[in-house]
Chemist: 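Here it is: the structure, laid out below.
We name chains A, B, ... by the order of the sequence lines, and we start the count at 1 in each one. Given the structure is predicted, the values throughout are model-derived calculations rather than measurements.
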2 protein chains.
Amino acid sequence: MKPYLVNPKLSKTQIKTLESALSLFVEKGFFKTSIPDLVEHSGVSTGSIYHAFKDKQSIAESLMETLLEQINREQQEILANNADSWSRFYELSKWMINTSDRHPQVMRFIFNGQHKEFMPELPPICSSQPFLTLRKVIQQGMDEKVLIKMDLMVAASSSFGGVMRLIQLGLDNMLDDPLPSYLDSITDTCWRSIAQQ
Amino acid sequence: MKPYLVNPKLSKTQIKTLESALSLFVEKGFFKTSIPDLVEHSGVSTGSIYHAFKDKQSIAESLMETLLEQINREQQEILANNADSWSRFYELSKWMINTSDRHPQVMRFIFNGQHKEFMPELPPICSSQPFLTLRKVIQQGMDEKVLIKMDLMVAASSSFGGVMRLIQLGLDNMLDDPLPSYLDSITDTCWRSIAQQ
DNA sequence: GTCTATAGTACGATAGAC
DNA sequence: GTCTATCGTACTATAGAC
């Protein structure tokens, strides 16, 4: 698995720690990953980890923040290259599906419902910028009369929610074929639920 | 919140422990809930808890097993009273939505993606009987030509997946109105994605 | 900024009386 | 079957040399 984290604001130590944290938090979970585990996996010593981060929880918070920023950048690039709401829906779904295929830990960490458990004061993931962006694309479709006018949360659940559900099944190894092979059928199907015919 | 757990096979001590476990595991998470926390919340002593359960993990496993059995019973009753796939889809969705409204801890525990973290050897929730039942209803609709023939996982993600996504948004307090008020619009919308027109 | 060594704590689980 | 008291462990976080 190629590294996914890139952020010039972060030191070498921080990046190494965050990369190990991503692997271990997804593999074993936050609470079952000890600082000694992180030390062994990253090659960074306890002292350096605590020099770079206030405590264990703030490692998770930094990781989340870094991932959300990076995801947001990639989403904005997709929006810049696609104007209508269907293309945006399709390309954003494609990005999520391909990222789940190539960097499953990233999507597993983001989709893991239990962030509140170890980052109590962080707002829920569904109110973060990347999820707002998904809903804005649906709102755009409704404004342009391409989509049936309905409650935004209902429309977003039925469209992107369906795509995300399939991704979660893929991450749980419940699918026979690789996730990207489902791209066209899942986007067609989910879009049909909200499209003006 | 009324008690939800009923199981004649379980002792009074076991029920009290499991009820406290449900509250605390959902509120604070499995790992942040200590045995002393359970003792205080349930009024059952450490010794009695360890007499009734092998260890902390097996409390969570018993809880999951009990909930899944109970959910399965309620689903089977719905199937017995509804024969066609649309009614079954609608009534099963209604049950999930109403249960999320009346017993949010139950659905939060079931939908919490991170069971693997504290119950490593349990199969993923999406392969449990209640989730199989949902997929069987979709398969039935495709067999009866009421639904468009497509990959079962795609169809299930787009239909029940959309409903479950809205439920999760409700559990995260992202909805303006009470979850049950969305029942008709979310079931209509999600069903449209897979229905023969 | 990096390291090793360790302090301090809180927990899971058990022992053993009733 | 229930309880209190406690053992042993493993962890987070810090101290302090380089």
Chemist: Using the six-membered ring wherever Trp is involved, compare the ring planes of B:W86 and B:F89 and label them parallel, tilted or perpendicular (cut-offs 30° and 60°).
Modeler: tilted
Chemist: I need a per-nucleotide contact map over nucleotides 2-18 of chain D, read 5' to 3'. Cutoff is protein heavy atoms under 4.0 Å; write B for the base, S for backbone only, - otherwise.
Modeler: BBB------SSBB----
Chemist: Mind checking what makes side chain to side chain donor-acceptor pair (under 3.5 Å) contact with A:D143, not counting sequence neighbours?
Modeler: A:Q139
Chemist: Strictly distance-based, threshold 3.5 Å: is any side-chain N or O of A:E69 a donor or acceptor partner for the main-chain N or O of A:N7?
Modeler: no
Chemist: Return a table of donor-acceptor pairs under 3.5 angstrom between the side chains of residues 125-132 of chain B and protein atoms on other chains or two or more places apart.
Modeler:
from   : atom 1 : to     : atom 2 : distance (Å)
B:S127 : OG     : B:P124 : O      : 2.8
B:S128 : OG     : B:I125 : O      : 2.6
B:Q129 : NE2    : B:T133 : OG1    : 3.3

Chemist: Take the angle between the ring planes of B:F118 and B:F109 and call it parallel below 30°, perpendicular above 60°, tilted in between.
Modeler: tilted
